[in-house]
Structure formats: structure tokens, C-alpha cells
2 protein chains.
Amino acid sequence: MNIRLRHDAIVRSLRRTGTATIDALADDVGASRRTILRDICALRDQGFVIHSEPGRGGGLQLDPQSVQTTARLAVTEVFALLISVAAMRAAGGLPFSDLADSGLAKIERALPGDKVRDLRRFLDCLHIGQLSPQQDLSDMGPMDPALLPAFERAFLQRHLLRFHYRDAQGRETKRVVEPQAMLILPPLWYLVAWDPARDDFRHFRMDRIGTPVVEEGATFRRRHVPFDADVCPYRDLAG
Amino acid sequence: MNIRLRHDAIVRSLRRTGTATIDALADDVGASRRTILRDICALRDQGFVIHSEPGRGGGLQLDPQSVQTTARLAVTEVFALLISVAAMRAAGGLPFSDLADSGLAKIERALPGDKVRDLRRFLDCLHIGQLSPQQDLSDMGPMDPALLPAFERAFLQRHLLRFHYRDAQGRETKRVVEPQAMLILPPLWYLVAWDPARDDFRHFRMDRIGTPVVEEGATFRRRHVPFDADVCPYRDLAG
DNA sequence: GATAATGGTGCCATTTTTTGTCACCATTGA
DNA sequence: TCAATGGTGACAAAAAATGGCACCATTATC
């Protein structure tokens, strides 16, 4: 039997029986006593909490709280989870935000190294806040999640972004900007960008941005994004 | 080299180089051509999308969208993630809530069957809403995450809960109640319970509940919890 | 059409890892 | 004391992974 299947079988058996002796497990999964002991070691290394009681009447016991699950996640899914938990924390937090963080940390550790670096650099560009209750959301449009890859690429490789923008008054303008940060004020997202044509920062509400095009040829340098009330008064500033 | 490490190395190499030939990969990770081919097979089985182009100028190419990660999560961590994403969605949502859901669905599928049932039943008891801005949070205390297991047990096995409760005026009372639901108004949590002594529903703010004791002997039946404005006016009701 | 570069498969001997067996130790309750 | 239990080390046997080889199919280039 495959070693991973056997590990799963041992966990199942322990969950079912509550307490089991090594010999019972060996019988159950069809392996030798020694192998079971090696498996128990491996499972403990993997984070399962298995209590053992020596002596007559003893045995092995799996802490049900430590039952774990493995899932394969795409990078974008990990990203979405990170944002959700971070935004929730910014919104006031839940008693279990710490637990969620520890889960996410495990997920992050499992990511390939370069993806972690990318993710970190992208997350560094994110600023999460709370929307003031006065904000009028009546005209909020949907945002296309498919935009994300373009933004990620523009942010990570410092490429200029070109898009059409429709402002609060419905005026449409063409923009070529340096994407410097993302501002999240659930449920709104803003792109904070340096607009070279206007020589100033501008905030663009993501649901008002037309399909963006990454300008592969041009790069820019990062600027200090001032997130104070003067520059970022939590409203649409892209006039 | 360990087989898993080599698989990781291959994925890294493919990500770095874009397109690579089998021989180049073999050189890179220090294995034979045959082994690389077997590894590619295994990676494809694991869900990585690897395009291959035969003939001169061909090679292997990893679909960057298919990079995946596996993490082992404890059940409580899964629970915390579910709550965070659900609460975020209730608070207005993010453009990526759907992606987060798809990630969580994968995680949930990987959980052992009985744990999924428990989790569902517990989640059914959760009601997530938004706090009205008028709520005074100045006296908000910390909530002990260690309370969770007791609540989970009480909910799932329909056991009465006994605890001390300190109301908004600071009065302390003893309670023995039927836990019927949890109301989450970030950052506050409420226990919605039927209080047999008062023959009515009561809302208890979680941070005002003393260490709860599960009454193993007594069980109760579930009641319809009315979540309308009359019964749940988003304030502390446990008078 | 020939040729070289590429992905892909089957076979088998060799190397590495995993497994089983055995002897032994420590702890516990009867 | 004794029997039942968890735990460790050593070593040979069994199983799995690996490398090398021959060979096939496809493709671009000469």
C-alpha cells in the first residue's frame, strides 16, 4: 500500500476508534508494528497531535482538533483568501482572525518561493481601510475579476497601464498611468496611480476602469504614496 | 534528491525559463531524461497544466495559472477562513469573493466527511450581518478564542450551556440556555439562545460571557430563530 | 526527402528507499 | 513480579525509484 494512503488510513482508524494500540493499527492497515511507529512519527511531524499513553490500558489517541486537510489551491485563490482575511481584519476583525492568519501562513509556506515574493510585493501595494458611511454606492458597477492578472503584471513589473476611465460625472478620458497602489474600502476598490500627464496622484475606482492594457515597453519607479486624509479623502478623485 | 523536492525544482525551473526542453530540465535538477519525463507525468496527474510541443523548437511549458499549492490546515483554521470570507461578503464583498469561495470549496472537499457535516451544521447556526454605525463599541472586551470548542460542542450535540453573563449595565447573572444561533456583526459576536428561565430568546455578547460549561446531560430541540428587526435590533438584548 | 531536434514509451539492471524482524528499554497497572 | 503498552536501534529483505538504452512520432530546416 502507498505510504500516503496508509497515513490516511491510520488517521481514519484513530478517528473512528478513539483510542487504539499500535498492534491494533498494524492489524487494521496491514503493516508491521515498526512501520506504524514510523508513520506515527511522520504524522506528528506533519502537525497531527497524537497522544500516547504507555503501560497497561494505554494506547494512541488522536487530538480531533488537529485533524487536518490538504487542498490544492491556485495562486489566485490564495490571493483572494489573503485579501478577504486582511480586509476583514481592517474592518474590525473577528475573534478568529488569528486562526485564519495561521491557516493562511501555512498556505503561504506551501507556495513556491518566487510566488511568495510576488504575492508579498503585490500585497505591499494594497492599502485596506474602511469606507465612510457617507459614500454613495448607488452607481457601483461590477468589477471584472479577469482584470486582476493585468494589474498584477503591471504592479510587479512596473509597467505603465493604459485604460479608459469614466468619472463620477460620466465623462470618459484616456489614461496612461503608473500604478502605485491599490486602495480597498470594501466593497470599493481604487487604483492609486501617478498620472504623468497631470503630474499628480489620481485615484481611479476600479469598476469605472475600462479594459486595461499593460504597456510592456515602459517602466516607472515607485513613489511614496501619501495615504493621509488630504490626498486620500475616501472618495473618487480622478477628476 | 527527494522526489518531492525535485518536483518543486522542476516547477520552479519551468516557471523561470518559460519554455524548457526535457534535457535542459534534466541538467538543471540533476536527474536523467527518463526521470524528468516520469516527473512531468506525475505533475500532470497532480493538476499542473504542462503544454508540450514536439519537434524542432519544441519544449515544455507550464501554464502559470495552474501553479498550485497544497497546505495542511487544521479544522479550526478552515472554520476561521470560512467565517472571514463569509463576513467579508456580508460586509459588501470584494471583487474576489468568488475566487475565495472556490478556494474554500476545494479545502472543504478535502475535509473528512463527518467534519464537513459538523462544519455545515455549525455554519447553519451562524448569521452574519452588519453592525449599525450607532453601536457603541467603547466597552468591547476581548473574546477568548478558546471558547470556540465549547460552543461548537454545545451546538452540534444540542447541549445546554451554563455561564455567567455581565450585561451592558455591568450586572452579572447566571444563565443556563439553549444555544440556538450565533449572530456575527463584525467585530461583535452574539450568542442567540433560548433562555428557559425567561421563556424567550436572549442575545448575549460573546465578550461578556464568562467561561461556559457544557451541560453534557441535557439536550434541547432547535427552534426557529427569528432574525427580524424586532427580535434582533442589532443591540445587546440580554437584559 | 533527408536530417536533426524534440516529446514520449517500454524494458531491465542498478540504486535507493521503505519495510519487517528482532532484541531491547521504559512506563504503567494489576 | 508480570503482562501490556509505547519507543528505539540495527540489519536484512522487499519494494520503489532511477538511469540507460532502444525505439517511435512529430516538426522545422536544409
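All chains are named by letter (A, B, ...) in the order of the sequence lines, taking the proteins before the strands, and each is independently numbered beginning at 1. Please read all numbers here as calculations on a predicted model, not as lab measurements. We use all heavy atoms of the structure for the numbers below, so side chains are in, but hydrogens, waters and symmetry mates are not.
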Counting only side-chain N and O atoms of A:Ser32, is one of them less than 4.0 Å from OP1 or OP2 of C:dG20? yes

Would you say the side chain of B:Arg56 and the base of C:dG7 hold a donor-acceptor pair, judged only by whether the two atoms sit under 3.5 Å apart? no

D:dT26 C1' sits how many Å from B:His51 NE2, rounded? 18 Å

Judged by atom type as modelled, is there a donor-acceptor pair below 3.5 Å linking the side chain of A:Ser13 to the main-chain atoms of A:Ala9? no

Give a yes or no on whether the backbone of A:Ala154 and the side-chain of A:Glu215 come within a donor-acceptor separation of less than 3.5 Å. no

Figure out the CG/C1' separation between A:Asp39 and D:dG7, and round it to whole Å. 15 Å

Less than 4.5 Å apart, any side-chain heavy atom of B:Arg16 and any of B:Asp28? yes

Taking the side chain of A:Leu37 as heavy atoms from C-beta outward, which of D:dG7, D:dA28, D:dT18 is closest to it? D:dG7

Using whole Å, what does the distance between atom C1' of nucleotide D:dA17 and atom CD1 of B:Ile36 come to? 13 Å

Separation of B:Asp63 CG from B:His51 NE2 (nearest 0.5 Å): 4.5 Å

Roughly, in whole Å, what's the span from CG in B:Leu25 to P in C:dA5? 18 Å

Compare side-chain N and O positions of A:Ser52 against OP1 and OP2 of D:dG7 and report whether any pair is under 4.0 Å apart. yes

Euclidean distance, atom CD1 of residue B:Ile40 to atom P of D:dA17 [Å, nearest integer]: 17 Å

Heavy atoms from C-beta onward define the side chain here; which of D:dA17, D:dG7, C:dG7 lies closest to that of B:Ile3? D:dA17

A:Val214 side chain reached by A:Leu161 side chain, heavy atoms, under 4.5 Å: yes

Side chain of A:Arg34 only, please: which of D:dT8, D:dC21, C:dG8 is the nearest? D:dT8

So, does the side chain of A:Arg38 form a donor-acceptor pair with the base of D:dG7 at under 3.5 Å? no

Mind calculating the distance between CD1 (A:Ile10) and C1' (C:dT19) to the nearest angstrom? 13 Å

Report which part of the nucleic acid B:Ala26 touches: base, sugar-phosphate, or nothing (heavy-atom distance under 4.0 Å, all strands). nothing

Nearest to side-chain heavy atoms of B:Thr21, which nucleotide of C:dC11, C:dG7, D:dG6: C:dG7

Tell me the interatomic distance from B:His7, atom NE2, to D:dA17, atom P, rounded to whole angstroms. 9 Å

Starting from P on C:dT9, measure out to CZ on B:Arg44 and report it in whole angstrom. 9 Å

Let me spell it out: for each of B:Asn2 and A:Thr35, pick the nucleotide of DNA chain C with the closest heavy atom. Which residue's pick is nearer the 5' end? B:Asn2

How would you label the contact of A:Ala42 with the nucleic acid (heavy atoms, under 4.0 Å): base, sugar-phosphate, or nothing? nothing

For C:dT19, does either OP1 or OP2 sit under 4.0 Å from a side-chain N or O belonging to A:Arg33? no

